[in-house]
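Presented below is the structure to which this report refers.
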Amino acid sequence: MDFSQTEEQQMLQESVQQFVRKSYDFDTRNSIVSTEQGYSAEFWKLFAELGWLTVPFSEADGGFGDSAVDLTVMMDEFGKALLVEPYLATVILGGGLIAALADEKSKGELLPPVMSGDLQLALAATEHSGRYNPLSVETTAQVDGDKIILNGVKTAVLNGINASYLLVTARESGEVSSKDGISVFLVPTDSSGVNIQGFTTIDGRSSSEVQLEAVSVGASARLGQPGKAAEALLMVNEKATVACAAEALGALESMLHKTVEYSKTRKQFGTSIGTFQALQHRMADMFIQCQLARSIVIRAAMKIDSNESTVEKTKAVSAAKSRIGYAIKAVGQEAIQIHGGIAMTEELDVGHLFRRVTALDIMFGDADFHTERYASL
Amino acid sequence: MNADFTADDLAFQAEVKDFLEKEFPSAYRKKIDARQRLTKEEIVDWQKILFRKGWVAPNWPKEYGGTGWSPTQKYIFSTEMGLVGAPEPVPFGMTMVAPVIMAYGTEEQKERFLPDILESNVWWCQGYSEPNSGSDLASLKTSAVRDGDHYVVNGSKTWNTYGQHADWIFCLVRTDNTVKKQEGISFLLIDMKSPGITLKPIVLLDGHPEVNEVFFDEVRVPVENLIGEENKGWTYAKVLLTHERTNIAGVPRGKRRLGSLKRQAAETDDGFGGTMADNPNFKRKLAEAEIELLALEYSELRTLAALTVGKAPGPESSILKIVGTELAQSMDEMLVELAGYGCLPFLPEQYEEGFEGEIFGPGNSASAALTYFNNRKLSIFGGSNEIQRNIISKAVLGL
Ligand SMILES: Cc1cc2nc3c(=O)[nH]c(=O)nc-3n(C[C@H](O)[C@H](O)[C@H](O)COP(=O)(O)OP(=O)(O)OC[C@H]3O[C@@H](n4cnc5c(N)ncnc54)[C@H](O)[C@@H]3O)c2cc1C
């Protein structure tokens, strides 16, 4: 048994830490959020140079090795820094789905520019009626001669306004939530009938709502076999879920750290508030929550990298997201409460961390959803 | 033992319902349901409607324009208001400063300030907290130094709710540095238009500048604006804090929110062909909230019954504050849970006063997270829930 990081993982972690220390302080981050595109193209190029954009790709695809543990090491640090660059959208979701579904030729065309930082992607999968079920797809794909016509509305499409392509999940056949019949289409965002309405999320990311009105694409836009995208979609979803859990973990540990430090300096009643046992116990509980969350996130990443069955992997992912969802509420709310009024403001980073973890709790399913999914497996 | 209303109470309840049905403007109700903020003018308009009916200040003595209602009638009134979502009058003037003026002000001060509060002609705000004096309020430093017929005020206050709307601010200021901290504090009324006052908005986590920092730079305040005696301000403020507070638990509002959560659950797809109203986990949470609300309601009724027979309100108000705020916060979590991805857009501007466009997102889901963020304040202000627990430990349990 060995829970220590490999040398490569340590280097990856240090490289993110170094970047954050040098270039990504809270003010810089906030000024990036307020730009039109909502991320820094310059930093994105730097991420490519540092090799970060290759992490979730296999060596065969030209990547770093596609290890979920590596990915969590990096996401953990992203979470601490409140990073807003579209790593999840372009690399994990978009790139991940292409790697899983596309033929060698398309992969060869698309993955290198993803890894070199020259191509932005967005996954248009979520629908309001589908809630957290990625297989609930109402968007339709109808074959019309040599064309395929897409119709539907997608929500929570991260990075939609910056992407050159949308990866759209659409149903070619079957009931609304059946596994069979779902395909993924690569749709240029400037296609006619594509309407993307961008917005900033509660945690400072660029996201969007996408309408597809009679969008016409060629058969070559379909990634993989017709109606057979479900497995790949689920697999990418699991990986993204663990990535979000790891990101939340970093943010929670940062909140714990900031709360403890603040409690040592904030004085009321002639003493630092950290001397009140009522607060000490609660910070001890926050620490416990963070430790348990770390354990179960590591476990999930290790399972994903293992040879175990899909069911075991899915269960491990749900266990992690469920548990981290609980920790998000417990640690996040206590961090605000123990800071008092000052944490209620946009001035302080702890409030932004709170908004980040609240969003991460929802993404790919909240604690209840994953507890239920765990129970059902 | 019984918890029934008398026939008179029931008749009164019907009268209140009828009034609210007819007089609470439906445009305001709609806005409130959509979580949109009323403008200052709309808030004042509603308070003036209540004033014309004679119902704006149920807690005031009749001689000053109060209603002369029994505690039960007051309870019925605030319950019915809460059930339709009608806002209570802004508390700073009506329930915070007015009772202090009545109890400790001169006749002149009463005549000068109370009618304008009753008629909602003047908007008040509360200037207690300072950057370094939150829970430990008595450590406050903003100073007022006597200079002839004036006090000269220097320092800063913070967390000042709706200071941007306010005409007047009531402040606790330090008038003596040489004595025990509680004994050198005075209660001063200050015109917000006084030269030397500046306001800096503070944006909260929901993107709304709900509070302000207030800076005082050589602000000259006429001595006739002092309430009561110099250096007795802490005593006055404490009396105010233990003053009867109806509706602190927010039971009617809670009931209304619970109803709306249930409706929303029925409209929220679960992703598997059903709705969240059939989701066992969510049903359980709804039931738990409802049960907590019942326990809270009866705790409030028991407090009320004690008041009716003339007992002073005690540390019970701490129970109501803790449980009421924590229950409200758990309903916020349920709101976020139902909204799911719908709560991710951060669009505070569409809830601002005067927004006319179309609200983004399905239903009102884009407001869910904003509500969740904003309501974290409930357990921090009004005496934090830790401070309330300290009160229970000391005053009830004798620890
Ligand atoms: C949205 C909002 C609106 C407000 N509006 C107003 C207003 O209009 N006017 C006004 O004057 N003030 C207002 N306040 C201020 C409010 O009253 C203070 O925030 C509150 O008193 C807490 O003070 P603090 O924020 O400085 O926290 P601190 O006092 O620094 O407390 C930090 C933490 O320590 C805990 N703590 C402190 N002492 C103890 C103890 N002895 N034992 C255990 N735990 C302890 C607190 O409970 C809290 O969790 C507002 C605050 C907010 C957030």
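Chain identifiers are assigned alphabetically (A, B, ...) following the order of the sequence lines, protein sequences preceding nucleic acid strands; residue numbering begins at 1 within each chain. As a basis for the values below, the full set of heavy atoms in this structure was taken, side chains included, without hydrogen atoms, waters or symmetry mates.
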Should the pair A:Arg131 and B:Tyr341 be classed as cation-pi, given the thresholds of under 6.0 Å to the six-membered ring centre and 45° from the axis?
-> no
What residues of residues 366-377 of chain A sit under 4.5 Å from chain B when you count only heavy atoms?
-> A:Asp366, A:Asp368, A:Phe369, A:Glu372
Region of A:Ser207 in contact with chain B, defined by heavy-atom distances below 4.5 Å = neither
Where on A:Phe199 is there a heavy atom nearer than 4.5 Å to chain B: the side chain, the backbone, both, or neither?
-> side chain
Count the heavy-atom pairs under 4.5 Å between each of A:Ile336, A:Thr358, A:Thr155, A:Leu348 and chain B, then report the option with the highest count.
-> A:Thr358
Residue by residue, scan residues 274-282 of chain B and write down, ordered by number, those that have a heavy-atom distance under 4.5 Å to chain A; if none do, write 'none'.
-> B:Met276, B:Asn279, B:Asn281
Specify which of A:Lys329, A:Glu347, A:Glu127, A:His339 makes the most heavy-atom pairs with chain B at under 4.5 Å.
-> A:Lys329
Between A:Ile362, A:Thr201, A:Ile202, A:Asp361, which shows the greatest number of heavy-atom pairs under 4.5 Å with chain B?
-> A:Ile202
Contact residues of residues 392-399 of chain B (partner chain A; heavy-atom separation under 4.5 angstrom) = none
Under 4.5 Å heavy-atom distance to chain A, tell me which part of B:Ser365 shows up: side chain, backbone, both or neither.
-> neither
Can you establish whether the number of heavy atoms outside A:Glu36 located under 6.0 Å from its atom CD is more than 12?
-> no
Which atoms of A:Leu135 approach chain B - backbone, side chain, both or neither, heavy atom under 4.5 Å | neither
Going through the distances and angles, do A:Met344 and B:Ile380 end up as a side-chain contact (heavy atoms from CB on, under 4.5 Å)?
-> CA-CA 9 Å; A:Met344 289 293 301; B:Ile380 296 171; 4.0 Å; yes
Decide side-chain contact (heavy atoms from CB on, under 4.5 Å) for A:Thr345 and B:Leu205; before the verdict, give the C-alpha distance in whole Å, the side-chain angles of both, and the deciding distance to 0.1 Å.
-> CA-CA 5 Å; A:Thr345 71; B:Leu205 290 182; over 6 Å; no
Does B:Phe373 have its ring centroid less than 6.0 Å away from the ring centroid of A:Phe354?
-> yes
Name the region of A:Arg205, side chain, backbone, both or neither, that has any atom closer than 4.5 Å to a heavy atom of chain B.
-> neither
Could you look at A:Ala359 and say if it's the side chain, the backbone, both or neither that has a heavy atom under 4.5 Å from chain B?
-> both
Out of A:Ile342, A:Ile273, A:Leu279, A:Asp203, which one racks up the most heavy-atom pairs below 4.5 Å with chain B?
-> A:Ile342
In terms of heavy-atom proximity below 4.5 Å to chain A, should B:Leu378 be classed as side chain, backbone, both, or neither?
-> neither
Side chain, backbone, both or neither: which part of B:Phe381 has an atom under 4.5 Å from a heavy atom of chain A?
-> neither
Could you have a look at B:Ile202, B:Asn385, B:Asp270, B:Leu137 and say which one has the most heavy-atom pairs with chain A under 4.5 angstrom?
-> B:Asp270
Within a reach of under 6.0 Å around CD of A:Glu175, are more than 12 heavy atoms found that belong to other residues, nucleotides or ligands?
-> no
May I ask you to name which of B:Pro362, B:Pro345, B:Gly340 has the most heavy-atom pairs under 4.5 Å with chain A?
-> B:Pro345
Looking at CG of B:Leu344 and CG of A:Leu158, how far apart are the two atoms once the value is rounded to the nearest 0.5 Å?
-> 8.0 Å
What's the shortest heavy-atom distance between A:Ser136 and B:Gly271, and which atoms?
-> CB-O, 3.7 Å
Pick from A:Lys267, A:His352, A:Gln333 with the largest number of heavy-atom pairs that fall under 4.5 Å of chain B = A:Gln333
Could you go through the side chain to side chain donor-acceptor pair (under 3.5 Å) check for B:Ser135 and A:Gln268 one step at a time?
-> CA-CA 7 Å; B:Ser135 299; A:Gln268 291 290 281; 4.8 Å; no
Highest number of heavy-atom pairs under 4.5 Å with chain A: which of B:Asn374, B:Leu347, B:Asn132?
-> B:Asn132
Hey, could you give me each pair passing salt bridge (charged side-chain N to carboxylate O under 4.0 Å, His left out) that has a residue in residues 368-380 of chain B? Not counting sequence neighbours.
-> B:Glu210-B:Lys377
Between A:Gly341, A:Gly270, A:Gly351, which residue shows the highest count of heavy-atom pairs closer than 4.5 Å to chain B?
-> A:Gly341
Which one of B:Gln329, B:Glu333, B:Arg389 has the most heavy-atom pairs closer than 4.5 Å to chain A?
-> B:Glu333
Taking only Lys NZ, Arg NE, NH1 and NH2, and the carboxylate oxygens of Asp or Glu, determine whether A:Arg282 and B:Glu386 approach each other closer than 4.0 Å.
-> yes
